[in-house]
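All chains are named by letter (A, B, ...) in the order of the sequence lines, taking the proteins before the strands, and each is independently numbered beginning at 1.
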Number of protein chains: 2
Amino acid sequence: MKPHDTRTGRGRPRAFDRAAALAKAMDVFWAKGYEGASLAELTEAMGINPPSLYAAFGSKEALFLEAVQLYSVREDGPDWDAVLEAPSARAGIARLLDESAVAFTRRGKPRGCLIALGALHDTGANASVCAKLRAYRTGNLAKLRRRLERAATEGEIPRTVDCDAVASFYLSIQHGMSILARDGASRATLLAVARAAMDAWACLTSPRGPEGDARSEASTKRGPV
Amino acid sequence: MKPHDTRTGRGRPRAFDRAAALAKAMDVFWAKGYEGASLAELTEAMGINPPSLYAAFGSKEALFLEAVQLYSVREDGPDWDAVLEAPSARAGIARLLDESAVAFTRRGKPRGCLIALGALHDTGANASVCAKLRAYRTGNLAKLRRRLERAATEGEIPRTVDCDAVASFYLSIQHGMSILARDGASRATLLAVARAAMDAWACLTSPRGPEGDARSEASTKRGPV
DNA sequence: CCTGTTATGTATCGATTGCTACATATTTAG
DNA sequence: CTAAATATGTAGCAATCGATACATAACAGG
């Protein structure tokens with residue numbers, strides 16, 4: 001039983017605020033990514049030395065995973081479960097995108113989403129971390145899809161709608177906003193993107209749906225430029 | 001005058017194919033990112049030793065920038081200039097998204113976009129590379145916006161359309177597709193996302209446009225969950 | 001007090017990072 | 001041929017990486 005976070009009251013007490021140190025580490029990982037954040041930066045931001053970090057969190061990887069957990073629970077990131085609880089799928093997704101636009105452009109905080117950008121490249125050494133973040137993202141995709149499927153059964157949208165495609169569409173927007181935020185996009189711009197994505201709701205959930213033939217001009221012209 | 005690529009015919013000739021080695025390096029950077037790709041991996045994939053790499057390309061950073069240049073020129077990535085040349089903005093953007101969906105899911109190639117994912121985190125050491133990739137992306141955003149503005153002046157879309165918002169919307173989709181591809185999305189899924197984004201064209205470029213009041217349900221319900 | 005337990009600071013560890021010194025090999029110019 | 005120029009392979013550079021050994025400090029239970 002490792003005493004990473006258990007406080008038995010025995011021995012010398014911890015001299016730093018574990019939660020505060022974790023929050024500091026989260027910001028570093030958020031800004032630099034998992035591999036880009038060095039132990040030196042982490043320990044300096046957390047105000048502790050490496051042995052304290054390892055005694056309290058176990059390893060860099062475990063610290064990162066705790067930071068991601070904190071990110072997904074605190075208000076730093078958008079609230080995905082609210083998407084499921086919202087009275088309508090449309091309202092839930094709209095709220096998700098709005099909250100993302102706000103969360104990705106907080107003053108004094110890194111831009112974009114820790115879960116979307118934290119570890120995109122599998123370099124071998126970070127395979128486990130990379131896969132875990134991927135699981136977060138695919139889990140979010142499943143949440144979106146299930147909410148849309150429920151909307152289809154409840155009559156909010158037609159049953160002909162391709163829920164998987166619409167879910168991928170909105171998740172793509174949410175991920176794309178992270179990169180736009182990294183590139184300096186303003187909160188107003190991200191909110192405009194969110195609004196545009198919701199303006200598209202009517203088109204995506206129309207009875208003929210995305211499987212319709214409403215793109216005659218687009219992809220048939222694939223001849224030479 | 002550094003002889004990185006100039007061939008004067010003097011001295012011992014190069015024993016490897018510079019272009020082929022660059023293509024191999026591009027694949028490594030594409031898969032691992034700039035910082036995630038180590039010299040050991042690069043030299044092994046290129047089939048050369050470090051001194052040959054530095055004699056031919058100058059540095060890891062210069063090699064990466066050449067790889068990015070190659071990526072943006074060859075068919076590996078989508079053709080952004082075709083967006084400008086297409087007869088209509090809608091057809092150009094549709095083609096861009098379709099080509100992206102295909103390019104991000106090529107068999108035997110890394111998933112997603114090198115320019116979108118290659119160096120998202122500024123860790124200090126890679127600041128220059130990070131800024132250069134960002135310049136690529138913001139340049140693409142400008143290309144999209146200018147094409148939409150031209151469409152507005154030519155009557156393809158109403159003048160009331162917020163071209164900057166629509167451009168950010170479609171670039172967000174294109175960036176988001178890279179992350180979806182990284183997470184294992186199939187080519188069919190990405191093509192469905194592209195199609196959904198183009199289905200939204202009518203909504204985004206309707207006379208009332210994205211600034212309309214067509215989201216009464218979405219954001220007014222921001223009360224407690 | 002003493003013993004056991006846990007945390008902290010210093011000072012590293014071996015491994016890996018990007019990069020290069022150096023001697024040798026292979027070419028052209030004269 | 002000789003001399004200059006460029007490339008290659010070996011071997012290793014200083015710096016940094018994540019992670020620890022060790023002695024000491026600060027607590028609880030007895």
Report the distance from atom [atom1] of [X] to atom [atom2] of [N], rounded to the nearest whole Å.
X	N	atom1	atom2	value
B:Y54	D:dA7	OH	C1'	17 Å
B:L42	C:dC19	CG	C1'	13 Å
B:N49	C:dA25	CG	P	16 Å
A:R10	D:dA28	CZ	C1'	6 Å
B:E44	C:dG18	CD	P	14 Å
B:F57	D:dT8	CZ	P	11 Å

**Q.** Straight-line distance of A:I48 CD1 to A:Y54 OH, nearest 0.5 Å
**A.** 10.5 Å
Is the shortest side-chain N to carboxylate O distance from [X] to [Y] below 4.0 Å?
X	Y	value
A:E35	A:K60	no
A:D183	A:R111	no
A:R95	A:E85	no

Q | Presence of donor-acceptor pair under 3.5 Å, side chain of B:R12 and base of C:dA25 | A | yes
Q: Pick base, sugar-phosphate or nothing for B:A125, based on heavy-atom distances below 4.0 Å to the nucleic acid.
A: nothing
